[in-house]
Amino acid sequence: VTDWRPTYGHLRATVAGFVLLAAGVALGRPDVVVLATPLVVVSAWAMALRPTTSPAATGPVGALSVHEGEEITWQAGVTGLPRDGCAVGVHPGQRWLEVEPEDGRMVAEADGASEVRIAVSATRWGRRTLGQPAVAAYDRWLAWRWGPVLLPALDLTVLPVTPPFDSAAPAPHPRGLVGMERAARPGEGTEFAKVRPFELGDRLRRVHWPVSARTGRLHVTATYADEDTQVVVLVDAVNDVGRSTGLDGAHSSMDLAVRAAAVLAEHFLRRGDRVGLRVFGAWGASRVPSASGRLQLRRILDTLCVVEAGTARGEDALAARQGLVAGTLAIMLSPMMDPAAAQQVAILARAGIDVVVVDTLPARVAVDRDDPALALAWRLRMLERRVELERLAALGVPVVRWTGAHALDLVLRDLARRAAVPRMAAR
Amino acid sequence: MSTLTVLGRGGRPVVRLTVARVAAVAAVLVPVAVAAGALRAAAPQAPLWPAVLLGAAALWAAADPDGSGGLLTLLGLGAWWLLAVPDPATPWALPAAVSGLALHLALSVTAAGPWGAVVDRAVLVRLLRDAAAVVTVTAGIAWLAQVAHGSSDAPAPLVALVLALVGVLPWVSDARGRRRGPRSG
């Protein structure tokens, strides 16, 4: 007794072949015997070579982390195949998952085994469990089948893509001890500030000999200190506006926000700044404290992965300010659909925090025009939203539409320039 | 792989056609058309309406290769041949028999996985190699039938001899396979 079962094809060849053969013999029709011959031969051949092996299937187990659009190969091995047999593997597709080939692959046996390879590519960030793949084995005439056997499903963590963002604009308020930003105060750094008289504690290698010889007193070259800045990326996940069809398709507001957050975090972390993350409106993903380094980027991307819009509503608007001090650069990624978002931005701006609002409302949002009430409500909300954005602009909060990685460049320059001007802030 | 997707309301895909899917349907329908052509050549006076029924049965078989459509198509082809072809020694029996084999194999491959599963070249080559051996045996039997038809002897003994030959061939092949290696199958 084996695990091999006859297929319907084997039954078809046997029944059709022997019925036609019997009819041809009984009626004395050799042409009908000729018609039956290939089917009878195939049936008898398959019966004579009934497989007696015991196949086994193995597939990848566990969790994988990939970026959006990154292609991985799902590979399953089937051993114990009969001579000239084959294996069939199928990986189910699902939303935001591209599988190639979608309908499975049939692979020939080689030395009693075969490997089925299927390309899998996730087109949207998130954490998901893939569907269960299956494999089956066949003999040479596809007359005997083993399986199909379900293999373990993969857990996939899809990190948002981080296309290169190479802004030359400085952050407005450099703080801390190390980093790439030029601080406002003099100190050990690389950027020239001025030539000043020698003071106790100055290094000898800083002595500027031409000026010292001309004036008769020792002078040194002073530099600005190199420092870092604190950047907090605020993600408004109260609403997800628009339809998402993956990396190369239409983007919803959460798509734009998550991908923009990933790009910004990577950019500022690469510059040596401290970057933190706050997510509003999503249960289970709320805050990543500010830190620097590559590990921090992974922390932020992992947090962005689990964002589910609209799972935690009604947060206090003041929560946005917790732990943020004046001089922090806060970048708010929001479609500005919820009035509370504008309220949070206003609170941050009044606290002396440099806020930049990145508008993540998709350029085209499909509204059901057949429903006049819905269309009217949408239009009213858009008018209210425009008023709210104008009020924010009046408060000095720049609002930028996210059109790509360079959308922030000009705004950061303006903020850095404005930071040099004294102003009042509510504490 | 290039894919043609027909979208319905709300952007949901209704029909998705790939090269493999189209090839699978063609591999089922073409043999039926060839068999009908062979029958028409063997019996020019035969009515053509059974071909429409055969085509419908083949379409059913293509849509559900693991169902009864394939068996119905093969038996329908045999019945139509038996009733329509007057000459038992017609040489057109061989193309019709090869078409029947091609239909059976196309349905078997299609039923082995989801509709449109990509079949590796090595699988196809092996299948065609084995099918060529079967076609050779069929051609031999067709030749014997042609030769025996002209003689005064009744064809029944010859047919019995051919049947015995057909019955022995698989065991010969099995014995060769066992000699080649320890693996069975």
Side-chain angles (χ1 to χ4, degrees), chain A residues 7-9 11-13 15-16 19-21 23-25 27-42 44-53 81-86 88-90 100-108 110 112 136 138-143 145 243 245, chain B residues 1 18 20-21 66-67 70-71 74-75 77-78 81-82 85 87-90 93-94 96-98 100-101 104 107-109 111-120 122-123 126 130 134-135 137-138 141-142 145 148-149 155-156 159 162-163 166-167 169-171 173-174 177 181 183-185:
Chain A
T7 62
Y8 200 90
L11 179 71
R12 178 176 60 237
V15 172
V19 165
L20 289 177
L21 186 65
V25 171
L27 299 173
R29 290 289 299 267
D31 53 339
V32 178
V33 172
V34 171
L35 279 183
T37 301
L39 299 174
V40 170
V41 172
V42 167
W45 194 338
M47 258 190 279
L49 297 185
R50 177 178 181 168
T52 55
T53 55
L81 290 173
R83 187 188 299 278
D84 290 340
C86 61
V88 178
V90 183
E100 180 63 36
E102 274 180 275
D103 303 311
R105 181 184 288 279
M106 186 184 283
V107 185
Y138 289 90
D139 72 325
R140 68 194 307 156
W141 284 112
L142 306 165
R145 174 171 49 217
R243 189 165 156 265
T245 56
Chain B
M1 180 177 291
T18 62
R21 287 186 170 194
D66 236 354
L71 179 62
L74 286 173
L75 289 177
L77 176 65
W81 185 279
L82 197 62
V85 177
D87 179 14
T90 175
L94 182 60
V98 174
L101 175 66
H104 166 69
L107 287 175
S108 296
V109 171
W115 177 35
V118 173
V119 182
D120 276 8
V123 177
R126 286 179 184 179
D130 292 345
V134 174
V135 169
V137 173
T138 309
I141 290 177
H149 185 65
V159 172
V162 170
L163 284 180
V166 166
L169 275 175
W171 276 271
S173 169
D174 186 33
R183 283 183 295 116
S184 60

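Just so we're on the same page: letters track the sequence lines, and every chain starts at 1.
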(request) Measure distances from B:Val109 to the heavy atoms of chain A and classify the residue's part below 4.5 Å as side chain, backbone, both or neither. (result) both
(message) What part of B:Ala111 gets within 4.5 angstrom of chain A, counting heavy atoms only: side chain, backbone, both, or neither?
(response) backbone
Counting heavy-atom pairs under 4.5 Å with chain A, which one of [options] comes out on top?
options: B:Ala142, B:Pro114, B:Ala122, B:Ala89; value: B:Pro114
options: B:Val85, B:Leu77, B:Thr90; value: B:Val85
options: B:Gly67, B:Pro88, B:Ala93, B:Ala117; value: B:Pro88

[X] side, atom [atom1]; [Y] side, atom [atom2] - distance, nearest 0.5 Å:
X: A:Leu20; Y: A:Arg29; atom1: CG; atom2: CZ; value: 11.5 Å
X: A:Arg12; Y: B:Asp66; atom1: CZ; atom2: CG; value: 8.0 Å
X: B:Asp87; Y: A:Asp31; atom1: CG; atom2: CG; value: 7.5 Å
X: B:Leu71; Y: A:Tyr8; atom1: CG; atom2: OH; value: 5.5 Å
X: A:Leu35; Y: B:Leu101; atom1: CG; atom2: CG; value: 11.5 Å

Report the option among [options] that has the most heavy-atom pairs separated by less than 4.5 Å from atoms of chain B.
options: A:Gly104, A:Gly85, A:Ala46; result: A:Gly104
options: A:Cys86, A:Ala108, A:Pro38; result: A:Pro38
options: A:Thr245, A:Asp139, A:Leu39; result: A:Leu39

(request) Evaluate the side-chain proximity of B:Thr138 to A:Val41: yes if any heavy-atom separation is below 4.5 Å, no if none is. (result) no
(message) Quick check on A:Ala136 against chain B: is it the side chain, the backbone, both or neither that has a heavy atom closer than 4.5 Å?
(response) neither
(message) Can you tell me which portion of A:Val107 sits under 4.5 Å from chain B's heavy atoms? Options are side chain, backbone, both or neither.
(response) both
(request) Please determine, by modelled atom types, if B:Asp130 and A:Trp141 share a side-chain donor-acceptor pair under 3.5 angstrom. (result) no
